[in-house]
Amino acid sequence: MNDHKLPKIVVLTGAGISAESGIRTFRDSDGLWEEHNILDVATPEAWKRNSALVTRFYNARRVQLLSVKPNAAHLALTRLQEFFDVKIVTQNVDDLHERAGNSNVLHLHGELIKARSEKSQERIYDIGYREIEIGEQSDDGSLLRPHIVWFGEDVPMIVTASKWVTEAEILIVIGTSLNVYPAAGLLYHSPYGCEKFLVDPNDLQVDNLFRLRHIKTKAGEGVPALVDELIQRFYPQTV
Ligand code: APR
């Protein structure tokens with residue numbers, strides 16, 4: 001099959017796709033993220049104030065990855081990419097998309113399994129599941145920090161993500177409250193005629209303008225069903 005003729009699908013994911021794997025979402029419960037106020041752990045000010053606390057917080061999130069695994073939604077996206085040109089834009093910092101075999105994954109908000117120099121955005125290191133030591137330094141002598149985009153920081157990957165969405169024929173939004181910009185603004189970049197789906201068990205304040213077809217189920221149920229539906233529609237001889 002000629003790859004560039006495959007229908008183009010962009011998938012935008014948020015914390016909800018990893019919920020059934022056992023990773024907690026941000027805004028469903030009490031406004032706390034794993035018992036912390038987000039401003040105490042996920043801002044550049046928090047890092048300046050108490051880099052040890054922030055390091056320990058992300059170390060715990062990273063270690064947690066060892067005890068979770070991709071769920072049916074992540075795995076369904078691997079099946080989707082057998083039939084379509086699939087690009088995944090995720091706000092998640094976990095590695096469950098990759099571990100499910102998803103390719104073309106762009107992490108808008110960084111990755112837990114990477115660290116970077118406090119001084120230079122380009123000095124990025126693969127650290128796997130190990131902890132960053134308190135006070136550990138990068139090659140340039142500055143502190144090693146989690147490779148996470150904190151509130152108030154630039155989101156450099158948004159440029160590529162916007163370009164992908166601009167070319168999408170189908171856009172699938174999964175498990176994001178669409179509260180955080182610029183990620184939420186990506187929907188505005190979808191072209192006229194792009195078919196849009198939302199998989200989320202809860203009602204969202206999404207602008208009707210987007211004409212999203214809301215599949216109101218958990219990702220583990222709704223994503224495999226939607227993937228089957230799309231494959232059946234585009235490749236009726238397959239299923
Ligand atoms: N399946 C699908 N969706 C689910 C499920 C599930 N099993 N469980 C919960 N959800 C939905 C919720 O209804 C909600 O709409 O997932 C969404 C989670 O929203 P948030 O917690 O706000 O997460 P997200 O949108 O990814 O947050 C965006 O904010 O805190 C920052 O940087 C952080 O990347 C994060 C960003």
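All ligand and atom numbering here is 1-based and tracks the order in the structure.
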Lys/Arg-Asp/Glu bridge criterion (N-O < 4.0 Å) met for [X], [Y]:
X    : Y    : answer
K163 : E167 : yes
E111 : R116 : no
E153 : R145 : yes

| Parallel, tilted or perpendicular: which fits the ring planes of Y58 and W150, with parallel below 30° and perpendicular above 60°? |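 If you compare the ring of Y58 with that of W150, the planes turn out tilted.
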| request: Out of A19, P201, G220, indicate the one that has the non-hydrogen atom closest to atom 4 (C) of ligand 1. | output: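 Of the listed residues, P201 has the closest heavy atom.
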| Given V155, D200, V223, which has its nearest heavy atom closest to atom 13 (O) of ligand 1? |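 Comparing heavy atoms across V155, D200, V223, the nearest one to atom 13 (O) of ligand 1 lies in D200.
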| Can you tell me if Y129 and N59 form a side-chain donor-acceptor pair at under 3.5 Å? |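 Absent: no donor and acceptor within the cut-off.
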Using a 4.0 Å heavy-atom cut-off, say whether [X] meets ligand 1 through its side chain, its backbone, both or neither.
X    : value
V180 : side chain
L204 : side chain
E20  : side chain
H109 : side chain

| Pairwise side chain to side chain donor-acceptor pair (under 3.5 Å) hits with a residue in residues 216-226, at least two apart |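 As it turns out, the side chain to side chain donor-acceptor pair (under 3.5 Å) pairs with a partner in residues 216-226, which skip direct neighbours, are D203-K216.
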Report yes if some N/O of [X] lies less than 3.5 Å from some N/O of ligand 1; otherwise report no.
X    : answer
V199 : no
N179 : no
K218 : no
A219 : yes

| query | Is the closest heavy atom of I38 to ligand 1 under 4.0 Å? | reply |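 Heavy atoms of I38 do come under 4.0 Å of ligand 1.
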| message | Any heavy-atom pair between the side chains of L108 and L186 that's under 4.5 Å? | response |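 Side-chain contact under 4.5 Å: yes.
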Heavy-atom contacts with [X] under 4.0 Å: which atoms of ligand 1 show up? List them by number with element.
X    : result
N202 : 12 (C), 13 (O)
G14  : 26 (O)
F151 : 30 (O), 31 (C)

| said: Tell me if the centroids of the rings in F84 and Y235 come within less than 6.0 Å of each other. | reply: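 Yes; Y235 has its ring centre under 6.0 Å from that of F84.
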| message | Running the 4.5 Å side-chain criterion over Ile, Leu, Val, Met, Phe, Trp and Tyr, what cluster does L144 land in, apart from itself? | response |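 Once heavy-atom contacts under 4.5 Å are chained together, L144 belongs with Y125, I127, I132.
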